Amino acid sequence: MKEQVRRLVIQAVAACFADNTLSSGEIPPVVVEVPAQEGHGDYATNAALSLARPEKKSPRAIAQALVDHIPESSLLERVEIAGPGFINFFLKGSAWQETLSLIEEQGAGFGRSAQGGGKRVQVEFVSANPTGPLHIGHGRGAAIGDTLCRLLDATGWDVTREFYYNDAGAQITNLALSVQARCLGVESDDPRWPADGYQGEYIRELARAYLARETVEADARQVTATGDIDDLESIRLFAVASLRREQDQDLTAFDVRFDLYSLESELYTSGRVEAVVRRLMENNHTYEQDGALWLKSTDFGDDKDRVMRKADGSYTYFVPDVAYHLGKWERGFVRVVNEQGADHHSTITRVRAGLQAVDAGIPLGWPEYLLHQMVTVMRGGEEVKISKRAGSYVTLRELIDEVGRDATRFFFVMRKPDSQLIFDIDLAKQQTLDNPVYYVQYAHARIKSIFANAAEKGFFPPVFRAASCSRLESPEELALIKLMAGFPEMVAGAAASFEPHRLTSYLQELAGLFHGFYNKNRVISDDAPLTGARLFLLSCVVTVLKNGLGLLGISAPDSM
RNA sequence: GCGCCCGUAGCUCAGCUGGAUAGAGCAACGGCCUUCUAAGCCGUAGGUCGUAGGUUCGAGUCCUACCGGGCGCGCCA
């Protein structure tokens, strides 16, 4: 609808140029928006204001010229010039029937669009290392990343979801040593306890399972514990597989799935790490100093050069990272988004610098990043301190079990990723009006309940009828229709700007309008055409609620 | 010290990429259930958009400098 109004404005501008009413000849970016103020119409444009400068005329005079040149349209009731030179559009009631028939026609597809043109995009998220269960920070990443994937999919992108993890390296050795210590019965206060050992209770459980020679399966690989306490490699394989399986179970419970898991160790065994190092050296972006190999990352915007190969011969973490991302590029992903915690934001410059130094034709801003800020957990009015090593932290699993999947997902995406998030467990658990999740789901369940009631009274499933839909003219009904008309645009904006929280805001607003409508109007009445029209309107609301909740990975219950 | 993010009602946060008189929920106060789910609705009150400049027809939104909070600045990942 907004797009149609926008076209009218552009046509008016073009017409003014054609008959020399206006002379600058350049169509400015025409912005049409829904005015905040009720009296300012259904849509408004500032076209006259932005034309004032190049035309050197008063905005109001230009606005008048534009209005005079707006083509005939069955949509328009009237057009007004207001304020400094805004043009306000008032649409006919019948114009909105188009929105309703469109929602019915598109159904589950309403809100979807084709901006992506079917091009491939890869989204990497969560990417937790297998050194412990997923915690609440991973949860936010999982919820935001998964919702972003759904948004990109809905806007015409071919999405590949990927999870990358480090299954070698110092942290994993540390993990294996911790399990080994537990196998030996060494406690964390023992001098023999490894320096930065993992102290969580799950380490004890891993040791027990290892000694019991259990078999675990993760990422399509099976690992059987040898039970040999001296075999650190066997312990490593078993611990990694066990923790990966745990994480997968948590993610499955969260309804988050991946297409591909990438292992850091494979970057070494496949020779990709060595190959990247060679290319960087050949491109003369490296030098040796103090027994280490350095990357001249300062040539590519970094604030200091970075060590690639340590004096002990091993590589720093970012070398496989560059190799991994080069691989993404070579796999044909012209667009890649990495969703990760903001505490790792320093990797961005490094990875991009490394990729530029490889000189593989990768654009400057590639890959894109979506960073989320920290999560603070509140319980009983107090902050729950997170300490991974001490093992005292809230896991994603605990949260899902305690709060429920729907509420957990909703809360995690409810805020702008840039904002720190306070996760109030007590609030999320409440099944009361304080809780926005239930507010939105309740709207859906309420409508379904009305439908059940209507069916009992012999009303057929609602269908679109222009004549009866013209009866939908109360402020509450029109507000619902107008908000629904903007759903596809909201989805497109959320996807384009990586802002999943727009979904939750929108759904809360839509649910609010419905509840207001419900309390003021009776749907099922003796007036059959009106009843039919309202049932049809509500079937559209159900579609939009369901589509929106679907993008969030949240259920739309029929009853509550 | 340097880099990134944040600062909007008592609290938690929106503010659609620069538009018209800055919004919602909670908390407070007052109303609404013999009628499709009261897990709901309506109303009242609540603001120097951290501060000071700047850019322009127009700034919560963009620029600069400060103040305050978070995160990061490793031959850890």
Side-chain angles (χ1 to χ4, degrees), chain A residues 31 33-37 39-40 44-46 49-50 52-53 58-59 82-86 88 129 131 166 169-172 174 196 264 289-294 303-304 306-318 320-321 341-349 371-374 376 414-422 424 427 430-439 441-443 445-454 456-457 486 489-490 493-494 496-497 499 501-502 504-506 508-509 511-512 514-525 531 534 538 559-560:
Chain A
V31 177
E33 54 187 16
V34 179
Q37 205 70 24
H40 293 153
T45 183
N46 64 346
L49 291 157
S50 33
R53 177 167 289 265
S58 90
F86 291 102
N88 296 333
N129 285 340
T131 54
N166 172 355
Q171 279 192 24
I172 299 297
N174 198 13
D196 288 309
E264 186 187 27
Q289 186 183 306
D290 304 328
L293 181 69
W294 295 69
D303 54 353
K304 57 179 84 163
R306 304 292 169 178
V307 170
M308 294 170 58
R309 190 170 57 221
K310 302 181 237 174
D312 69 4
S314 64
Y315 291 107
T316 55
Y317 77 95
F318 99 95
D321 229 14
D343 54 342
H344 286 94
H345 81 268
S346 60
T347 64
I348 298 175
T349 323
L371 304 178
H372 65 262
Q373 294 290 327
M374 300 201 62
T376 306
M414 193 164 53
R415 307 300 181 209
K416 197 165 35 180
D418 275 342
S419 299
Q420 293 180 23
L421 173 72
I422 294 181
D424 186 334
L427 173 65
Q430 278 179 49
Q431 307 206 348
T432 69
L433 54 127
D434 294 8
N435 194 333
V437 190
Y438 291 96
Y439 186 76
Q441 289 183 321
Y442 182 49
R446 229 179 188 181
I447 296 174
K448 287 294 190 162
S449 171
I450 295 171
F451 286 174
N453 198 286
E456 271 178 34
K457 295 193 171 131
E489 193 199 349
M490 183 277 300
S497 56
E499 292 186 341
H501 72 282
R502 291 194 200 179
T504 56
S505 305
Y506 178 91
Q508 289 181 81
E509 193 180 348
F514 162 70
H515 289 309
F517 162 79
Y518 173 91
N519 266 68
K520 198 162 175 182
N521 303 284
R522 249 199 106 69
V523 176
I524 301 166
S525 67
T531 300
R534 285 183 169 163
L538 292 191
S559 68
M560 290 174 75

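Each chain gets a letter, A, B and so on, in the order its sequence line appears, and its residues count up from 1. Because the structure is predicted, anything quoted here is derived from the model rather than measured.
Positionally, the nearest nucleotide of RNA chain B for A:Asp418 lies more toward the 5' end than for the other of A:Ile450 and A:Asp418. In this structure, A:Glu264 and A:Ser449 both approach RNA chain B, and ranking their closest nucleotides by distance from the 5' end singles out A:Ser449.
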A:His515 and A:Tyr439: CA distance, side-chain angles, deciding distance, side-chain contact (heavy atoms from CB on, under 4.5 Å) verdict:
CA-CA 9 Å; A:His515 289 309; A:Tyr439 186 76; 3.5 Å; yes

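Of the possible polar contacts, none joining the A:Asp418 side chain to the A:His372 backbone as a donor-acceptor pair under 3.5 Å is found. Judged by distance alone, the side chain of A:Trp294 and the main-chain N or O of A:Gln289 form a donor-acceptor pair under 3.5 Å.
Residue A:Val31 is out of contact with every strand shown, counting any heavy-atom pair closer than 4.0 Å. At the heavy-atom level, A:Thr347 lies nowhere under 4.0 Å from the strands shown. A:Asn519 comes within 4.0 angstrom of a base, heavy atoms only. Within 4.0 Å (heavy atoms only), A:Phe318 reaches no atom of the nucleic acid at all. Within the nucleic acid shown, A:Lys457 has no heavy atom closer than 4.0 Å to any nucleic acid atom. As judged by a 4.0 angstrom heavy-atom cut-off over every strand, A:Ala494 is placed among residues making no nucleic acid contact. Within 4.0 Å of A:Ala445, counting heavy atoms only, lies at least one base atom of the nucleic acid. Residue-level contact check: A:Ile524 touches the bases, meaning some heavy atom is under 4.0 Å from a base atom. Counting any heavy atom pair closer than 4.0 Å across all strands shown, A:His40 reaches a base atom.
In this model, a side-chain donor or acceptor of A:Asn46 finds a partner on the base of B:G19 within 3.5 Å. In this model, a side-chain donor or acceptor of A:His345 finds a partner on the base of B:G3 within 3.5 Å.
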Between N or O atoms, less than 3.5 Å apart, protein on one side and nucleotides 74-76 of chain B on the other: list the pairs.
| unit_1 | atom_1 | unit_2 | atom_2 | d |
| --- | --- | --- | --- | --- |
| B:G74 | OP2 | A:Lys304 | NZ | 3.2 |
| B:C75 | O2 | A:Ala311 | N | 2.8 |
| B:C75 | N4 | A:Asp290 | O | 3.0 |
| B:C76 | OP2 | A:Lys310 | NZ | 2.7 |

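When the side-chain nitrogen and oxygen atoms of A:His501 are compared with OP1 and OP2 of B:G15, one or more of them lie within a distance under 4.0 Å. Contact between the side-chain N/O atoms of A:Tyr506 and the OP1/OP2 oxygens of B:G15 is not found at any separation under 4.0 Å. Residue A:Arg446 has a polar side-chain atom (N or O) positioned under 4.0 Å from OP1 or OP2 of B:A38. At the phosphate of B:C57, OP1 or OP2 sits under 4.0 Å from a side-chain N or O atom of A:Arg53. Under 4.0 angstrom from either OP1 or OP2 of B:A14 there lies no side-chain N or O belonging to A:Thr504.
Against the 90° criterion about 0, the sugar-base torsion of B:U35 places it in the anti range. The glycosidic torsion of B:C5 lies more than 90° away from 0, placing the base in the anti range.
B:G18 and B:U61: their P atoms are spaced 11 Å apart (whole Å).
Where RNA chain B pairs in unbroken runs of 3 or more (Watson-Crick or G-U, both distances under 3.5 Å), the stems are B:1-7 with B:67-73, B:10-13 with B:23-26, B:28-32 with B:40-44, B:50-54 with B:62-66.
Cation-pi geometry between A:Arg306 and A:Phe318 is not satisfied (NZ or CZ under 6.0 Å from the ring centre, within 45° of the ring normal).
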